[in-house]
J.: 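My structure is below; once you've seen it, I'll send some questions.
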Amino acid sequence: INAEYMGETAKKEGAKHMAELTPLKGAFIKPVIIKATPLNGSAPKEGSKIVHFIRHGQGFHNLLADVFSTLKVDTNTLPVEVHPYRRPEIVDPPLTDLGRKQAAQLQSQAATLNPELVVVSPLARAAKTALIAFDHLVSGTKTTIPFVALEEVREQYGHHVCDKRRSITEIRKDFPMIDFSKVERDEDNLYTEERESALSIAERSYAFMMWLRARPEREIVLASHSSFLLCTMQVVVQCEHEASTVWFQTGEMRSLELSFEDWSSA
């Protein structure tokens, strides 16, 4: 699979998700205004947070989609049993070899950062990406700073089997160094045959931002997914630069300073 076809898959999916988010842009109004600016080397302002946003490395579902793109097959015409995102054996897919390499390529940059908290989606591909990228903070089943899984930052759920999570009982065995205590239910009660709406993703993202605002940590890592990150940058957060709002590539990290302003003081 060459970069041309991988890029083609990303372009098509990005355009599709962008169209779904368009009605929400400017219409998603909440009590707190969240603004994002690129880092400039100075300390964050009072009340602001430095957040390193990461999309997971290539998962096996991404690889399957790229294969069909190479073959010029329209996946919308495929039956469930062969669809790259819906085939039954693709539940919570792991990283491919390329995905692990993409995560490892972040290590040199990650080593220069000073996070106090790493937040991950409870899906395996995001959790593993964070653990590889910040390998210097991991020692066996222990970490030097908290690694916490939150349901709020998982991928858009429903319909696509690849976005269904395994039970916490099972996934905790794979990642004993991650704290899953904030995920309320063992089984995935959110997954349905209907795809989650863009508004629902935006509400989850905003809830996460309010959780983040209340945390004492000033520098945080978030390992999440393409649809969630796109919705965050396009709808929930007001980004100073357009480059911050575009589709995340697999294994990409963007570092931004987030500021929070209550409407009453705006």
Side-chain angles (χ1 to χ4, degrees), residues 9-38 48-49 51-56 61-62 65 75-76 85-86 119-123 125-126 150-160 162-165 188-215 220 222-250 252-266:
T9 302
K11 187 186 301 182
K12 289 179 180 178
E13 293 191 357
K16 177 178 178 292
H17 287 290
M18 197 75 77
E20 293 172 352
L21 295 174
T22 298
L24 288 179
K25 295 178 68 174
F28 186 78
I29 300 173
K30 290 293 184 180
V32 178
I33 302 168
I34 309 162
K35 297 182 178 180
T37 57
S48 295
K49 308 279 186 179
V51 184
H52 308 287
F53 295 91
I54 301 175
R55 182 188 174 189
H56 61 81
H61 64 305
N62 302 126
T75 56
N76 293 318
Y85 298 159
R86 300 201 65 205
V119 178
V120 303
S121 157
L123 297 178
R125 56 193 185 269
L150 291 182
E151 195 94 275
E152 287 82 358
V153 303
R154 64 184 287 182
E155 181 58 302
Q156 181 179 19
Y157 53 77
H159 195 63
H160 291 171
C162 59
D163 299 324
K164 181 178 182 179
R165 72 162 168 82
D188 187 358
N189 68 311
L190 295 177
Y191 183 86
T192 67
E193 280 303 307
E194 295 296 320
R195 195 72 170 146
E196 182 187 17
S197 69
L199 177 59
S200 176
I201 305 171
E203 294 285 4
R204 282 199 287 118
S205 175
Y206 181 79
F208 167 66
M209 290 294 168
M210 293 303 96
W211 179 88
L212 200 65
R213 184 191 193 187
R215 296 285 303 190
I220 300 99
L222 170 64
S224 187
H225 307 263
S226 56
S227 296
F228 179 86
L229 292 170
L230 184 69
C231 183
T232 297
M233 300 304 173
Q234 285 281 332
V235 176
V236 180
V237 173
Q238 296 179 12
C239 293
E240 182 179 299
H241 291 172
E242 186 177 352
S244 302
T245 70
V246 301
W247 182 260
F248 275 71
Q249 300 300 316
T250 51
E252 180 182 353
M253 177 163 65
R254 295 180 202 164
S255 299
L256 298 168
E257 180 176 339
L258 300 185
S259 63
F260 303 86
E261 186 177 5
D262 297 305
W263 267 108
S264 57
S265 60

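If you're wondering where the values come from, they're calculated on a predicted model, not measured in any experiment.
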J.: Look up atom CE in M233 and atom CH2 in W247, then write down how far apart they are to the nearest 0.5 Å.
T.: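 That separation rounds to 13.5 Å.
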J.: Mark yes or no for whether Q238, through its side chain, and I34, through its backbone, hold a donor-acceptor pair below 3.5 Å.
T.: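 No.
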J.: Does any part of the side chain of K49, heavy atoms only, come nearer than 4.5 Å to the side chain of I220, both counted from C-beta?
T.: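 The answer is yes, as the side chains (C-beta and beyond) meet within the 4.5 Å cut-off.
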J.: Please report the interatomic distance CZ(F53) to OG(S255), rounded to the nearest 0.5 Å.
T.: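 Going from CZ on F53 over to OG on S255, the span is 9.0 Å.
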J.: Can you name the residues that form a side chain to side chain contact (heavy atoms under 4.5 Å, CB included) with R213, not counting sequence neighbours?
T.: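 Scan of R213 (side chain to side chain contact (heavy atoms under 4.5 Å, CB included), adjacent residues dropped) gives V32, F260, D262.
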J.: Would you call H159 and E194 a side-chain contact if the rule is heavy atoms closer than 4.5 Å?
T.: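 H159 vs E194: side chains apart.
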J.: Using the salt bridge (charged side-chain N to carboxylate O under 4.0 Å, His left out) criterion, which residues pair with E151? Sequence neighbours excluded.
T.: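 R154, R165.
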J.: Quick check: do L199 and F28 have side-chain heavy atoms less than 4.5 Å from each other?
T.: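 Yes; the side chains approach each other to less than 4.5 Å.
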J.: If you define the side chain from C-beta out and look only at heavy atoms, does anything of Q156 sit under 4.5 Å from E20?
T.: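 In contact.
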J.: So E193 and Y191, do their side chains get closer than 4.5 Å, heavy atoms only?
T.: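 The answer is yes; the side chains approach within 4.5 Å.
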J.: Check the pair L150, W211 against side chain to side chain contact (heavy atoms under 4.5 Å, CB included), reporting the backbone distance first and the verdict last.
T.: CA-CA 10 Å; L150 291 182; W211 179 88; 3.7 Å; yes
J.: Can you check side chain to side chain donor-acceptor pair (under 3.5 Å) on H225 and S121, steps first, answer last?
T.: CA-CA 8 Å; H225 307 263; S121 157; 2.8 Å; yes
J.: Tell me, please, which residues at least two apart from S48 pass side chain to side chain contact (heavy atoms under 4.5 Å, CB included).
T.: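 By the side chain to side chain contact (heavy atoms under 4.5 Å, CB included) rule, S48 matches P44, K45, E257, S259.
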J.: Just grab all the side-chain hydrogen bond (donor to acceptor under 3.5 Å, both in side chains) pairs involving residues 23-36, residues at least two apart or on different chains.
T.: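 Checked against side-chain hydrogen bond (donor to acceptor under 3.5 Å, both in side chains) - neighbours excluded - the pairs reaching residues 23-36 are K25-Q234, K30-E203.
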J.: Charged N to carboxylate O under 4.0 angstrom, R195 versus D163?
T.: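 Answer for the salt bridge query: yes.
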J.: Not counting sequence neighbours, which residues clear side chain to side chain contact (heavy atoms under 4.5 Å, CB included) with A198? List them please.
T.: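 Here the qualifying residues are L21, L24.
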J.: Just grab all the salt bridge (Lys or Arg N to Asp or Glu O under 4.0 Å) pairs involving residues 222-240, residues at least two apart or on different chains.
T.: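 Not a single pair qualifies under salt bridge (Lys or Arg N to Asp or Glu O under 4.0 Å).
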J.: For H52, check ring-ring contact (aromatic ring centres under 6.0 Å, His included) against everything at least two apart and list the hits.
T.: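 Scan of H52 (ring-ring contact (aromatic ring centres under 6.0 Å, His included), adjacent residues dropped) gives none.
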J.: Does the side chain of F208 come within less than 4.5 Å of V236's, by heavy atoms?
T.: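 Side chain of V236 against side chain of F208, heavy atoms only: no contact under 4.5 Å found.
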J.: Find out whether the Lys NZ or Arg CZ of R254 is both under 6.0 angstrom from the six-membered ring centre of F248 and within 45° of the ring's axis.
T.: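 Yes - R254 lies over the ring of F248, closer than 6.0 Å to its centre and within 45° of its axis.
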J.: Listed by chain and number, what are the salt bridge (charged side-chain N to carboxylate O under 4.0 Å, His left out) partners of E242, not counting sequence neighbours?
T.: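 Salt bridge (charged side-chain N to carboxylate O under 4.0 Å, His left out) list for E242, sorted by chain: empty.
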J.: How close do P31 and Y206 get, counting heavy atoms only, and between which atoms?
T.: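 Smallest interatomic distance, heavy atoms only, reads CD-OH, 3.4 Å.
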J.: Can you confirm whether L256 sits close enough to V51 that some side-chain heavy atom of one is under 4.5 Å from a side-chain heavy atom of the other?
T.: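 Side chain of L256 against side chain of V51, heavy atoms only: no contact under 4.5 Å found.
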J.: Kindly write out the residues that satisfy salt bridge (charged side-chain N to carboxylate O under 4.0 Å, His left out) with E152, not counting sequence neighbours, or none if the list is empty.
T.: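 Applying salt bridge (charged side-chain N to carboxylate O under 4.0 Å, His left out) to E152 gives none.
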J.: For residues L258 and M209, report the shortest heavy-atom separation together with the two atoms involved.
T.: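 Minimum heavy-atom contact is CD1-SD, 3.6 Å.
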J.: Going by the rule side chain to side chain donor-acceptor pair (under 3.5 Å), which residues pair with S226 if we only count those two or more places apart in sequence or in a different chain?
T.: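 S226: side chain to side chain donor-acceptor pair (under 3.5 Å) contacts with E155.
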J.: Looking only at heavy atoms, which two atoms of I201 and S227 are closest? And how far apart?
T.: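 Looking at all heavy atoms of both residues, the closest pair is CG2-O, 4.4 Å.
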J.: With T75, which residues qualify under side chain to side chain donor-acceptor pair (under 3.5 Å), at least two apart?
T.: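 Checked T75 against side chain to side chain donor-acceptor pair (under 3.5 Å); zero matches.
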J.: Taking only residues two or more places apart in sequence, or in another chain, which ones meet S224 in a side chain to side chain contact (heavy atoms under 4.5 Å, CB included)?
T.: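 Expected list: V153, L222, F228, L229.
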